[in-house]
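We count residues from 1, following the sequence as given.
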Amino acid sequence: MRLLDELEVVVREKRLSAARAILYLAQGVFGECETESDVLRWSRYNCFLLYQTGTFAVFLELLNMEIANSQACSKALRKPALSLADSTELRVFLSVMYLLVENIRQQLPEDDTEWKTQRETFRSELAFPCNGEEPFAHLIFTMVTKFCSGHSPHFPMKKVLLLLWKVLLFTLGGFSELQSAKEQKRAEVGLPPLSEDCIQVVKNMKATAPPSYGIELGEPQKRGRRSRKDSLDLYNEKDPFKSEESTGAEEEETEDSENMMDTESDIQERDLMSQPLSALRSNMERVYFPKGLPWAPKVRQKDIEDFLEMSRNKFIGFTLGQCVLV
């Protein structure tokens with residue numbers, strides 16, 4: 001409570017010192033712990049204790065003051081290069097708020113009833129603020145907008161985005177909460193349950209990459225040689241002091257080098273074609289070409305037919321009507 005009182009003084013250095021002391025508490029008093037598990041346990045305990053004393057509301061007011069600090073913004077705009085000293089207060093405030101959100105957000109089996117109640121209260125405060133104020137996520141989005149527009153280049157964007165990520169996870173939930181909300185809403189309106197979870201399907205998908213074998217390797221080299229020759233021709237056209245004799249000599253050298261490179265590429269292609277069929281077949285087996293989407297489509301057959309009919313009328317001017325193609 002004494003540290004919270006010091007956050008309301010006028011002197012900037014005292015406020016920053018008190019904020020750093022609270023940050024040390026939220027980080028688990030690591031200087032007085034012997035193991036990492038002790039640091040995590042005391043960090044979690046201290047964050048719940050700080051929330052009970054109203055620390056988050058105090059830091060929210062301080063954050064609003066720093067966002068509206070026009071003097072700091074103008075000072076940062078005049079500087080040719082920014083440093084960490086230009087956003088010291090913001091980084092301390094955002095770090096404390098991030099630790100509070102992250103530690104209170106996590107649910108553990110050993111949490112008592114009081115901590116569970118505080119977690120739900122904190123979630124409702126972040127998602128639905130009272131007294132007509134804007135949600136906390138909206139405030140962080142405003143910081144992102146000011147930074148991207150160039151009005152506040154000193155904002156620490158990494159910390160801002162990390163805090164925004166955890167706030168959205170805490171208030172809206174992750175993919176599992178989204179899936180359960182979908183199923184609940186579908187059951188309320190009488191729709192059948194979902195046959196699959198799109199997120200789980202995407203997790204099992206393999207990353208696709210273009211094949212690194214075949215004659216395709218020789219094509220970029222040819223394109224690179226053509227672009228090189230074109231650039232040489234463009235340079236020769238722009239040079240007003242170049243004589244015709246030197247131009248002709250350089251053209252002959254360019255043609256000779258190009259013929260040599262073409263000969264090398266032909267040898268590479270011939271070597272590739274001379275490989276045994278079994279080697280090429282083994283390379284072909286490594287590539288996976290899916291036959292369709294890995295999940296069930298949500299478009300009706302009638303919607304597909306209407307889209308094809310509209311495309312025919314727009315680009316071809318032809319209508320099938322009631323005809324059926326077999």
Could you walk me through whether D306 and R300 satisfy the salt bridge (Lys or Arg N to Asp or Glu O under 4.0 Å) test, starting with their C-alpha distance in whole Å, then the side-chain angles of each, then the deciding distance to 0.1 Å, before giving a yes or no?
CA-CA 10 Å; D306 293 341; R300 298 176 299 176; over 6 Å; no

Are F56 and M1 grouped together when hydrophobic residues (ILVMFWY) are joined by side-chain heavy atoms under 4.5 angstrom apart?
yes

Transitively linked via ILVMFWY side-chain contacts under 4.5 Å: L172 with M97?
yes

Show every ring-ring contact (aromatic ring centres under 6.0 Å, His included) that has at least one partner inside residues 169-202, sequence neighbours left out.
F122-F170

Just list the side-chain donor-acceptor pairs under 3.5 Å for residues 143-152, sequence neighbours left out, or say none.
unit_1 : atom_1 : unit_2 : atom_2 : d
T145   : OG1    : F141   : O      : 2.9
S149   : OG     : T145   : O      : 3.1
S149   : OG     : K146   : O      : 3.0

Give me each pair satisfying side-chain hydrogen bond (donor to acceptor under 3.5 Å, both in side chains) with a member in residues 10-23, each pair once, sequence neighbours excluded.
R12-E89

Throw together a table of side-chain donor-acceptor distances under 3.5 angstrom for residues 28-37, partners on residues two or more places apart or in other chains.
unit_1 : atom_1 : unit_2 : atom_2 : d
T35    : OG1    : S37    : OG     : 3.2
T35    : OG1    : D38    : N      : 3.4
T35    : OG1    : D38    : OD2    : 3.0

Residues in side-chain hydrogen bond (donor to acceptor under 3.5 Å, both in side chains) contact with N64, at least two apart in sequence or another chain:
none

Can you find a heavy atom in the side chain of T117 that is under 4.5 Å from one in the side chain of T113?
yes

Chi angles and distances behind the salt bridge (Lys or Arg N to Asp or Glu O under 4.0 Å) call for E305, K302
CA-CA 5 Å; E305 295 176 355; K302 185 177 182 303; over 6 Å; no

Salt bridge (Lys or Arg N to Asp or Glu O under 4.0 Å): pairs with one or both residues in residues 153-163, sequence neighbours excluded
none

Taking only residues two or more places apart in sequence, or in another chain, which ones meet K116 in a side-chain hydrogen bond (donor to acceptor under 3.5 Å, both in side chains)?
none

Do V189 and K185 have side chains that get closer than 4.5 Å, going by heavy atoms?
no

Those residues that, when tested against E66, pass salt bridge (Lys or Arg N to Asp or Glu O under 4.0 Å) (two or more places apart)
none

Please collect all ring-ring contact (aromatic ring centres under 6.0 Å, His included) contacts where either partner lies in residues 83-118, sequence neighbours excluded, each pair once.
F48-W115, F59-F93

Members other than M310 in its cluster, when Ile, Leu, Val, Met, Phe, Trp, Tyr link by side-chain heavy atoms under 4.5 Å?
V299, I304, F307, L308

Check the hydrophobic clustering (I, L, V, M, F, W, Y; side-chain heavy atoms under 4.5 Å; chains of links allowed) and say if L82 and I67 are grouped together.
no

Working for side-chain contact (heavy atoms from CB on, under 4.5 Å), residues R44 and D111
CA-CA 11 Å; R44 181 177 172 83; D111 291 346; 2.6 Å; yes

Please tell me if the side chains of E61 and M65 come closer than 4.5 Å, counting only heavy atoms from C-beta onward.
no

Q106: side-chain hydrogen bond (donor to acceptor under 3.5 Å, both in side chains) partners, not counting sequence neighbours
E102

Within the structure provided, determine whether I22 and V92 are in side-chain contact (heavy-atom separation under 4.5 Å).
no

According to side-chain hydrogen bond (donor to acceptor under 3.5 Å, both in side chains), does anything in residues 170-182 pair up with another residue at least two apart or in another chain? List the pairs.
none

Check against side-chain contact (heavy atoms from CB on, under 4.5 Å), L90 and L63
CA-CA 7 Å; L90 281 172; L63 181 62; 3.7 Å; yes

